[in-house]
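The structure appears below as structure tokens.
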Amino acid sequence: MDTIKPRVRVARGFIRSEAQRVADIYWSAFEDKLGGVLGRPEQAKKVLADCFDPDFALVARLDDDGRIAGVAGFKTEQGSMTGGFDGGLARHYSRFGATWRAMVLSLLEREERADNLLADGIAVAPDMRGRGVGTALLYALDEEARARGKRGVRLDVIDRNIRARALYERHGYDVTGTQELGVLRHIFGFRSATTMTRTL
């Protein structure tokens, strides 16, 4: 495997024709977490592509060909990358199916705070992992937070994602809380989520 770190640039947003690529990358990182709710991969990825809001996404692209290598969503008082689920589920599921999925997904919602930018999922393409893309996205989240007058960045990492937690720790994130899922672990596939915060 080529271990040379590629040159990437991170910028806000993506165009509609790139939505499926963003959804594929996001699904590759969060399939275990969302599979029990969104269903079969092909349908789930179509739902993600339809519901993502590019205005709240930071996208890492390879310098040489512009290919999207990773994405970091964020949430503010104005919206979030995954905020489109509220109305978008009804376009892909039955009335009942959309209703129960919306209720379950709402259990994952976290409230934004005035002092911290809230990350809304960080995902790197499988063939780009371990090559600096995740770090570039974390720095981009720092800059987004500063531009918005925030004092830090907050995110959650599930108990099974040891590799991601190690990356966040190297980037200066500290543990600030843990949430146990209880019986919901059977739906989402993990037992707890750790909240981590980086002070800028």
Is the side chain of [X] donor-acceptor paired with the backbone N or O of [Y] at a distance under 3.5 Å, no angle test?
X	Y	answer
Y173	L155	no
N116	L118	no
D120	M81	yes

Taking all heavy atoms of [X] and all of [Y], pick out the closest pair and write down the distance.
X	Y	answer
W27	G35	CH2-CA, 3.6 Å
A69	V133	O-CG1, 3.9 Å
A57	V71	CB-CG2, 4.1 Å
G88	C51	CA-SG, 3.7 Å
G121	F30	CA-CZ, 3.9 Å
A29	A123	CB-CB, 3.6 Å

Do the charged groups of [X] and [Y] touch, with an N to O distance under 4.0 Å?
X	Y	answer
E18	R61	yes
E144	R12	yes
D63	R9	yes
R198	D174	no
D24	K46	no
K150	E143	no

Pairwise side-chain contact, [X] with [Y], heavy-atom cut-off 4.5 Å (strictly under):
X	Y	result
V124	L137	yes
R148	T76	yes
V59	V10	no
Y26	F52	yes
V153	T197	no
L89	W100	no
R146	L200	yes
D50	V47	no

Distance in Å, [X] [atom1] paired with [Y] [atom2], rounded so as to fall on 0.5 Å steps:
X	Y	atom1	atom2	value
R154	K75	CZ	NZ	9.0 Å
H92	F85	NE2	CZ	9.5 Å
D53	T82	CG	OG1	9.5 Å
L141	F74	CG	CZ	8.0 Å
L167	M196	CG	CE	9.5 Å
L38	K33	CG	NZ	11.5 Å

* From CA spacing to verdict: side-chain contact (heavy atoms from CB on, under 4.5 Å), M128, L62 -> CA-CA 10 Å; M128 289 287 110; L62 300 180; 3.8 Å; yes
For the [atom1] atom on [X], are there more than 12 heavy atoms of other groups (residues, nucleotides or ligands in this structure) within a distance under 6.0 Å?
X	atom1	value
I162	CD1	no
R7	CZ	no
R16	CZ	yes

* **same_hphob_cluster(I68, Y139) at 4.5 Å side-chain heavy-atom cutoff** => no
* To do: Indicate whether the side chain of R129 and that of S28 have a donor and an acceptor atom separated by less than 3.5 Å.
  =>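 Their side chains do contain a donor-acceptor pair, which is all the 3.5 Å distance test asks for.
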* **V157 and its side-chain contact (heavy atoms from CB on, under 4.5 Å) partner, picked from T194, T195, I122** =>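 Output: one option passes, namely T194.
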* Asked: Just checking, R21 and F14: is the charged tip under 6.0 Å from the six-membered ring centre and within 45° of the axis?
  ->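 Ring-cation test returns no.
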